[in-house]
Amino acid sequence: MVEAEITFSYREGEYVFRSFPLSMDDGEHVLLIAPPGSGKTTLARIITGSVPEYSGGNLEGHVMIDGVDVLGLPVPERMDHAGRVSQNSDDMLLFPTVEEEIVFPLSNLGLPGSIIRERIEAVLSLFSLLQYRHVSSSELSGGEKRRLLLAVLFAVDPSLYILDESFDELSPAWREKLGSLIKGSRRSILVLGSHPLPEYEGVFDRILMLEDGRAVPYRREGIPMLRYAERAGSRSLSARDLLIERRHRSIGGEGFCLSVPSFDLREGERAVLLGGNGSGKSSFARVLSGLLQEASGTVQVNGQSLQCSKRRRTVAYLMQNPYEELFLPTVLDELRSTGASDREVDEALSLFGLSPDGYIAEMSYGEAKKLQAALFYLLHRPFAIFDEFDSALPYHESQKALSCYLEAGSGVLVITHDRAFADSLGARCYSIDGGMLHEC
Amino acid sequence: MNADSYIHGNSFYHRFDVRPKLLFTLLYIIIAFMISSWYGLLLAAALPVLVLMHAAGAREALSSIRRLLPVVILLYLFMPLQSRDGIPLLSIGSAVIVTEEGFLTAFRISMRFIALSSVLMLLIATTRSGTIIAGLRFYRLPYNASLLLSILLRFIPYLGALFSQIRDSMSLRLQEGKRGFPIMPSVTAFIVAAVRMIPDTASALEERGFGRPGASDAMRLGNAPHLFTQFVFGAILPLIFMIAVR
């Protein structure tokens, strides 16, 4: 049983929650949908303890889990009451190998070695991570990292599971599997999301949305089709006979090998790339944007081969994790680093709904994605790759950002796991199956 | 803070048991600070680099060592300016800019820095983190202290990886006609990210139960083949090296 009432503000008078009530029955599965910046991650971190301990802020209220007010417990002592899977996987990964990542919390629970080994085997198998046991977690793809964090949470098995946008970055098959795991679990599970997904269907006992600081029953909304004023250009980005190889150096084995016989994207055109976790979607994006050297083949613009340094100035790459691209202190610092004029910066701020004074460290994941989009928008690249941009953003926000680029004449490649979102773009489709990229 | 520090391999240093390896590492660092001859220092810096090349391959070794270059360059730029006494090597008018003594001081510090960093890199590139913790526990270090030490050991490669990430990110923002990556924003970004990493790591550790009473040791080291011989080598090799080059 979970029963909470929380009042919290990072700064005096600026409330994130004001007497926010939340109650869940034993074994109840609740989905809470809210836009970025509404406090979903803050709520999760308040319950597990890193807010306000490491962020500052004023917290009042209580969170009763199994009759214990966890807010009165030191952070490490809350671990068997509540645990979370962070929206930003890199925040929570601390150890060089997948196995060590799971061993650490289990050792801290004081479990005997035999139980620890049993649980490790069980969760590695549950999340198909056995082959990555000794692989460095930094060598995993975004979806694999998410599965690792889920494995850690399921191994610890607290009374309350908090999954912060945990369906995002998972392939459709893994989303379905996670849905069935939630459905079959006897634990209380709170899933935080920014938009409805088809895989949520039939999984939850209640679906709520945040409205005026209250959790109210969710009102279903469909996904609109993407609309924008088309502006075609003359350049075309293409890849021919590409071979991309990545190996796991921590185990000396091959990570994957991706073959791309042919890929084309024209300025002003939109295309979608689908594929499973770890299939090489991000590596392909890194090759197109010049951050990774291909093993063989060529990347061309209008038939002319492009060196990596030239690709970086031709293709904008909005990485899956926005924090891998945002390092300066404020929104304004980031936008000015593009060399844009003050007028252009102001225009981008208004177009992408950003506040100039925002601090990067205080931004939500979804807001960081909007800033990432604004930043590359100012660079006027003829081509842009949005790597799982739709995760952590409501559909209309993702579509708005895409339409800004398309109306400016950029060719846009959208990497996504969300088939419904892909369909709403009405775009040409590429897919990766069996180590090969091909047109759907 | 998940930089990939361990590199799979089957070299003699990979197979060297962690217990004598830790002893060897500690003695090597102490000796690198006791040597004063220029050729001894040069050898002390070069030896771990050569072993790293053998254990992890030339490409990995050079990419690891390249991360030390900014610090070494800064040392050579600023250290000679600190000691102006001695035989002048570079003067502008009557002002002595660089002296032989100043240059030698920079050389000594940089060689010791490379020796220390590369022998630690060698340790973490050839030993898994859990094994290092178990090795430290063998020397009766408390679990929490062993864990923190193993995280600290990975801090340098993590910072290297972080800087590469920032450099990549900044290079995507370059305007037409510019090359490389913007240095000042990258350095600012690096400092901000490195400082932010401290509370992030601490909160992730605590949320995973670090500091709970009654934590168990999941990993214990068993008997290794020829452990005594390995210990003897781990202790004697650095001493022989010191006697040879002093």
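Here the structure is a predicted model, which means the values were calculated and not measured. Letters A, B, ... mirror the listed sequences (proteins, then strands); counts begin at 1.
Between chain A and the options B:Gly209, B:Gly211, B:Ser169, heavy-atom pairs under 4.5 Å are most frequent for B:Gly209. Each of A:Gly49, A:Pro105, A:Pro74, A:Ser309 has some count of heavy-atom pairs under 4.5 Å with chain B, and the biggest count is that of A:Pro105.
Under the side-chain contact (heavy atoms from CB on, under 4.5 Å) criterion, B:His54 pairs with B:Ser11, B:Phe12, not counting sequence neighbours. Listed by chain and number, the residues in a side-chain contact (heavy atoms from CB on, under 4.5 Å) with B:Gln165 are A:Glu324, A:Phe327, B:Leu162 (sequence neighbours excluded). Partners of B:Phe33 under the side-chain contact (heavy atoms from CB on, under 4.5 Å) rule, at least two apart in sequence or in another chain, are B:Ile29, B:Arg112, B:Leu116.
Counting heavy-atom neighbours within 6.0 Å of A:Tyr359 OH, excluding the residue itself, gives a total of 12 or less. More than 12 heavy atoms of other shown residues, nucleotides or ligands fall within 6.0 angstrom of atom CZ in B:Phe231.
Heavy-atom distances place the backbone of A:Val315, and not its side chain, under 4.5 Å from chain B. Contacts of A:Ser289 with chain B are made by both backbone and side-chain atoms, with heavy-atom separations under 4.5 Å. With a threshold of 4.5 angstrom between heavy atoms, A:Leu375 approaches chain B through side-chain atoms but not through N, CA, C or O. With a 4.5 angstrom heavy-atom cutoff, B:Ile191 does not touch chain A via any of its atoms. Both the backbone and the side chain of A:Glu334 have a heavy atom closer than 4.5 Å to some heavy atom of chain B. Both the backbone and the side chain of B:Ala202 come within less than 4.5 Å of a heavy atom of chain A. Heavy-atom distances place no part of A:His380 under 4.5 Å from chain B, backbone and side chain included.
The backbone N or O of A:Pro76 sits less than 3.5 Å from a side-chain atom of B:Arg212, completing a donor-acceptor pair. Distance alone, capped at 3.5 Å, places no donor-acceptor pair between the B:Arg128 side chain and the A:Glu100 backbone.
Contact of the B:Met170 side chain with the A:Leu328 side chain is registered, since non-hydrogen atoms from C-beta on lie closer than 4.5 Å. Inter-residue side-chain proximity for A:Val75 and B:Arg208 is flagged as unmet; no heavy-atom pair is nearer than 4.5 Å. Contact annotation: the side chain of B:Tyr143 approaches that of A:Asn108 to within less than 4.5 Å [non-hydrogen atoms, C-beta and beyond]. By the 4.5 Å heavy-atom criterion applied to side chains, B:Glu206 and A:Tyr54 are counted as neighbours. The shortest side-chain heavy-atom distance between A:Arg45 and B:Ser203 falls under the 4.5 Å cut-off. Taking the side chain as every heavy atom from C-beta outward, A:Tyr317 and B:Leu172 approach each other to under 4.5 Å. Considering only heavy atoms from C-beta on, A:Leu94 stays 4.5 Å or farther from B:Ile151 through its side chain.
Closest non-hydrogen pair, B:Leu147 versus A:Phe104, comes out as CD2-CE1, 3.4 Å.
Near-neighbour residues of residues 79-89 of chain A relative to chain B, defined by a heavy atom under 4.5 Å from a heavy atom of that chain, comprise A:Met79, A:Asp80, A:Arg84.
Between A:Arg78 and B:Glu207, no side-chain nitrogen of the basic residue sits less than 4.0 Å from a carboxylate oxygen of the acidic one, so the salt-bridge criterion is not met. A salt bridge between B:Asp168 and A:Arg286 is present, with a side-chain N of the basic residue lying under 4.0 Å from a carboxylate O of the acidic one.
Using modelled atom types, one finds a donor on one side chain and an acceptor on the other under 3.5 Å when comparing A:Ser337 with B:Arg173.
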